[in-house]
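Owing to the predicted nature of the structure, the values given are computational and were not obtained by experimental measurement. Here is how names work: the chains are called A, B, and so on, in the same order as the sequence lines, proteins then strands, and each is numbered from 1.
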2 protein chains.
Amino acid sequence: MAVRKSDRRVQRTQELLRAALLSLIEQKGFEAISVQNIIDRANVGRATFYAHFDNKEDLLVSGLDGLRAALKDHQRQAHLHRGGSDERLLAFSHEMFAHIAEYRDVFRAMVGKRSGALIQQLLHKIMVDLVRDDVKAMVGQRENKSAPSEAVVQFVAGGLFGLSMLWAEGKLRMSAEEVNALFRRLAMPAVTAAAR
Amino acid sequence: MAVRKSDRRVQRTQELLRAALLSLIEQKGFEAISVQNIIDRANVGRATFYAHFDNKEDLLVSGLDGLRAALKDHQRQAHLHRGGSDERLLAFSHEMFAHIAEYRDVFRAMVGKRSGALIQQLLHKIMVDLVRDDVKAMVGQRENKSAPSEAVVQFVAGGLFGLSMLWAEGKLRMSAEEVNALFRRLAMPAVTAAAR
DNA sequence: CGACAAAGTGAACATTATGTTCTAAAGTGA
DNA sequence: TCACTTTAGAACATAATGTTCACTTTGTCG
């Protein structure tokens with residue numbers, strides 16, 4: 001299933017670096033981290049780091065790619081199994097909130113005022129891509145002149161992002177199911193407006 | 001009306017620095033700029049820069065504070081003049097899109113993939129604050145248990161942000177009036193859902 | 001006007017991070 | 001086992017940051 005990398009030293013090193021980055025993000029947020037911090041924590045040589053990644057941002061996106069792939073997978077499965085046309089958005093968002101709940105520690109660290117602006121940007125983009133697939137599939141081919149679907153996508157994804165960050169911060173006393181239901185209640189009218 | 005700063009050298013220097021930052025942002029985005037770049041462009045001494053601002057981020061937020069204040073002002077006036085309860089949200093957002101249109105060059109520079117993550121974060125926050133004032137005023141005191149108003153705020157502000165960035169990029173062939181109308185059409189159901 | 005306080009200059013400096021390069025040593029797959 | 005790849009670790013060049021200081025210029029206010 002997974003792609004063969006054929007040298008386990010590579011996998012090991014990359015895993016160590018990703019894990020180190022993760023734990024450091026929880027501690028001090030992303031922007032405050034130096035490459036030195038990462039390789040110290042990972043116990044990996046400096047040259048080794050640069051043999052694998054261009055810089056710390058590169059390492060970060062390589063990690064988020066895992067998240068992105070996982071979410072895309074869930075989305076794809078949901079598209080196959082669920083039938084009702086307005087259950088599809090649910091299936092995707094539910095998985096997203098569940099994922100956030102799982103990585104809540106990292107999320108909370110990223111939400112901090114200044115630190116983590118880049119991560120937020122990347123997450124926002126991931127959400128945009130996910131929402132786009134769902135919305136475009138739902139709206140279908142009949143593009144509406146009064147509400148361009150891409151505008152709806154950006155609106156809904158932005159809303160999802162805002163809501164997610166608030167929820168991840170723990171400011172809402174809600175379960176993943178509840179916040180997901182709330183999201184759908186807020187977002188569905190917008191999607192409907194686009195498809196009208 | 002304006003606060004007296006009493007020494008025009010200070011104003012002059014700060015204006016020069018802000019203008020330099022602005023023009024540099026249009027060129028290379030925010031993150032790629034160094035303090036050296038700024039003081040070269042502004043033709044201001046290094047020590048002088050640090051006498052006024054802690055770092056380039058400090059300079060940036062001091063500039064955005066102007067924008068924030070202007071928008072808040074417009075919002076306050078709109079609250080006084082407009083009557084209909086669902087025209088208030090319009091009044092605020094219309095001004096926002098007009099502002100974006102005016103500074104479209106800077107906005108477009110900020111939207112670039114990687115550079116400008118911090119600015120985006122700050123803008124997002126400004127929008128959240130503006131939306132909060134409007135939504136909380138509209139929802140009134142009767143807080144709803146099924147839809148916490150702060151959740152609605154974050155959702156709507158996130159949507160506004162996403163839509164604004166898309167529009168600022170020029171990907172929508174719309175006037176400020178049109179995109180504003182679209183925003184309201186997408187957002188109003190969410191606000192209504194909260195007040196129900 | 002003119003004195004004086006406030007602001008700006010520019011260079012030097014300590015510090016910190018970045019990304020590259022090189023050689024020896026260790027791990028891996030066939 | 002052996003050829004090949006990866007890693008360690010240190011040394012380096014470069015670049016940016018923020019501070020300090022002695023000195024000059026500029027506005028403000030009496």
Could you pull out all residues at least two apart from A:R46 that satisfy salt bridge (charged side-chain N to carboxylate O under 4.0 Å, His left out)?
none
Using whole Å, report how far CZ of B:F49 lies from C1' of D:dT20.
17 Å
Per-nt protein contacts along nucleotides 24-30 of chain D (heavy atom under 4.0 Å; B base, S backbone sugar-phosphate only, - none) come out as --BSS--
Between D:dG18 atom P and B:D58 atom CG, what is the distance in whole Å?
10 Å
Any side-chain heavy-atom pair from B:N55 and B:V35 closer than 4.5 angstrom?
no
Can you tell me the distance, in whole Å, between the CZ atom of A:F53 and the P atom of C:dT20?
15 Å
Assign B:A51 to base, sugar-phosphate, or nothing according to its heavy-atom contacts below 4.0 angstrom with the strands shown.
nothing
Please give the angle, rounded to 10 degrees, between the axes at the start and the end of the helix from C:dC1-D:dG30 to C:dA30-D:dT1, where five pairs define each axis.
40°
Once rounded to the nearest 0.5 Å, what's the spacing between atom CG of B:L24 and atom CZ of B:R41?
4.0 Å
Please determine if a side-chain N or O atom of A:H52 lies less than 4.0 Å away from the OP1 or OP2 oxygen of D:dT6.
no
ring-ring contact (aromatic ring centres under 6.0 Å, His included): which pairs involve residues 115-138 of chain A, sequence neighbours left out?
A:H124-A:F161
Within the 4.0 Å limit for protein heavy atoms, which parts of nucleotides 13-18 of chain C are touched? Write it as a string from 5' to 3', B for base, S for sugar-phosphate only, - for none.
-----B
Checking A:E15 now: which residues fulfil salt bridge (charged side-chain N to carboxylate O under 4.0 Å, His left out) with it, not counting sequence neighbours?
A:R18
Separation of D:dG18 atom P from B:E57 atom CD, nearest Å, is 9 Å
Report yes if at least one side-chain N or O of A:T48 is closer than 4.0 Å to OP1 or OP2 of D:dA8; otherwise report no.
yes
Taken to the nearest whole Å, CG/B:D54 to P/D:dA16 is 20 Å
Assess whether a salt bridge exists between A:D129 and A:R68, defined as any Lys/Arg side-chain N lying under 4.0 Å from an Asp/Glu carboxylate O.
yes
What's the closest nucleotide to the A:A47 side chain, out of D:dT7, C:dA11, C:dT21?
C:dT21
Any side-chain heavy-atom pair of B:L60 and B:I25 under 4.5 Å:
yes
Are a donor atom and an acceptor atom from the side chains of B:S62 and B:D65 found within less than 3.5 Å of each other?
no
With a cut-off of less than 4.0 Å, is there a side-chain N or O of A:T13 near OP1 or OP2 of D:dT6?
no
